[in-house]
There are 2 protein chains.
Amino acid sequence: MMLYYFKTMELSNYSRIFKALSNEQRLKIFMMIYKNCSTEKGDSIKAEFRFKEEPCCSMKGGVERAFTLICDCMNLSRSTVSHHFKELQNAGLITCEREGQTYRCNVNEDAVQAVKNFLS
Amino acid sequence: MMLYYFKTMELSNYSRIFKALSNEQRLKIFMMIYKNCSTEKGDSIKAEFRFKEEPCCSMKGGVERAFTLICDCMNLSRSTVSHHFKELQNAGLITCEREGQTYRCNVNEDAVQAVKNFLS
DNA sequence: TCTAATGTTTGACTACACTCGAACTCTTCA
DNA sequence: TGAAGAGTTCGAGTGTAGTCAAACATTAGA
């Protein structure tokens with residue numbers, strides 16, 4: 001299920017996004033992906049959001065090996081991490097794809113924009 | 001319990017704010033207060049966020065009679081509305097005060113600013 | 001082909017969230 | 001002083017969320 005965002009988003013879509021970000025572990029997962037995706041410009045990533053094993057990958061087409069890197073950083077079982085990834089996807093915040101054993105994550109820019117526009 | 005916000009807010013505070021906004025009813029309550037508080041400039045309020053009985057009050061020092069107005073608009077019991085107000089207060093999103101029978105609500109601008117700065 | 005690594009799904013457990021009605025406290029007004 | 005109005009607190013019921021371990025599926029490499 002993917003949501004599409006328009007200029008004025010429905011309240012229910014906002015609450016869905018906020019629900020996805022309401023769990024601290026999940027928020028951290030999202031921030032790690034977000035920060036690492038938007039670092040082409042070379043901003044340094046705050047230690048809190050850095051993957052342990054860095055530099056992890058090329059960020060151009062999304063974060064590679066995101067799942068494994070996050071499992072290593074956070075003290076959570078793989079099934080739990082899988083669940084959190086799914087929640088972030090269902091809220092439309094990220095997209096994930098596998099090609100063979102390569103798991104690549106991307107932030108959905110429309111959703112990011114919607115969050116930025118909220119209250120503005 | 002009141003939270004104070006600084007330039008770089010803790011992740012846990014963000015997740016607390018998002019949790020408060022993750023329930024659709026509560027998000028709507030917040031938006032009604034927010035929109036009605038920031039309307040001194042005279043922007044018209046979207047029908048969705050308008051109190052039924054309008055104009056309800058003077059907005060200078062916050063929304064007056066917010067509790068009653070919201071009970072009238074939303075199909076929720078007073079105890080439920082009370083609970084939602086408390087959650088919004090605990091997250092630091094609004095402040096409420098009673099003077100006699102006057103219940104006045106205000107949006108916490110620091111929290112609003114924090115949300116606006118998130119991801120920016 | 002066998003094995004190890006990577007992620008998913010399922011089932012279970014615990015904790016917390018949303019909601020209501022009922023009983024309560026204050027305040028105001030008759 | 002009594003009654004009505006406004007909001008809170010409490011207890012209970014139902015549902016959902018977060019987590020894990022175990023079993024599974026798929027892929028890569030030996």
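Here is the naming used below: chain letters follow the sequence lines, and residue numbers restart at 1 for every chain.
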Q | 5′-ward residue of the pair E99(A)/S77(A) relative to DNA chain D | A |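 This one resolves to S77(A).
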Q) Between Q101(A) and N75(A), which has a closest nucleotide on DNA chain D that is more 5'? A)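 Going by which nucleotide is closer to the 5' end, it is N75(A).
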Nearest-nucleotide pick for [X], side chain only, options being [options]:
X      : options                  : answer
S82(B) : dA6(D), dT9(D), dG18(D)  : dT9(D)
F67(B) : dT8(D), dA17(D), dC20(D) : dT8(D)
S79(B) : dG18(D), dA6(D), dT9(D)  : dT9(D)

Q. Should the pair F18(A) and F18(B) be assigned to parallel (<30°), tilted (30 to 60°) or perpendicular (>60°) ring geometry?
A.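 The rings of F18(A) and F18(B) lie parallel, inter-plane angle below 30°.
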Q: Return the orientation label for the F85(A) and F67(A) ring planes: parallel under 30°, perpendicular over 60°, tilted otherwise.
A: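 The arrangement is parallel - the two ring planes meet at less than 30°.
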Just call it for [X]: base, sugar-phosphate, or nothing, with non-hydrogen atoms closer than 4.0 Å on any strand.
X      : value
E87(A) : nothing
F85(A) : nothing
H84(B) : sugar-phosphate

Rounded to whole Å, how long is the line connecting atom [atom1] of [X] with atom [atom2] of [N]?
X       : N       : atom1 : atom2 : result
Y103(A) : dT26(D) : OH    : C1'   : 14 Å
Q25(B)  : dG15(D) : CD    : P     : 17 Å
R65(A)  : dA28(D) : CZ    : C1'   : 14 Å
L76(B)  : dA6(D)  : CG    : P     : 17 Å
R78(A)  : dT26(D) : CZ    : C1'   : 13 Å
R98(A)  : dT26(D) : CZ    : C1'   : 7 Å
N90(A)  : dT16(D) : CG    : P     : 15 Å
I70(A)  : dT19(D) : CD1   : P     : 14 Å

(Q) I want to check something: taking the side chain as every heavy atom from C-beta on, are L93(A) and Q89(A) in contact at a cut-off of under 4.5 Å? (A)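 Sidechains of Q89(A) and L93(A): no contact.
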**Q.** Side chain proximity check, L119(B) to F30(A), heavy atoms < 4.5 angstrom
**A.**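 Contact flag for L119(B)/F30(A) side chains = yes.
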Q.
Taking K19(B)'s backbone N and O only, do any of them form a donor-acceptor pair with R26(B)'s side chain (distance below 3.5 Å, no angle check)?
A.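 Yes: the side chain of R26(B) pairs with the backbone of K19(B).
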(Q) Determine whether S77(A) and T80(A) satisfy the following criterion, side-chain hydrogen bond (donor to acceptor under 3.5 Å, both in side chains), listing intermediate values before the conclusion. (A) CA-CA 5 Å; S77(A) 72; T80(A) 300; 3.0 Å; yes
Q: Verify whether one side chain among S82(A) and S79(A) offers a donor that lies under 3.5 Å from an acceptor in the other.
A: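 S82(A) vs S79(A): no donor-acceptor pair found between side chains.
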**Q.** Nucleotide interval of DNA chain C bounded by contacts with chain A (heavy-atom cut-off, under 4.0 Å)
**A.**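 So the outermost contacting nucleotides come out as dA5(C) to dT9(C).
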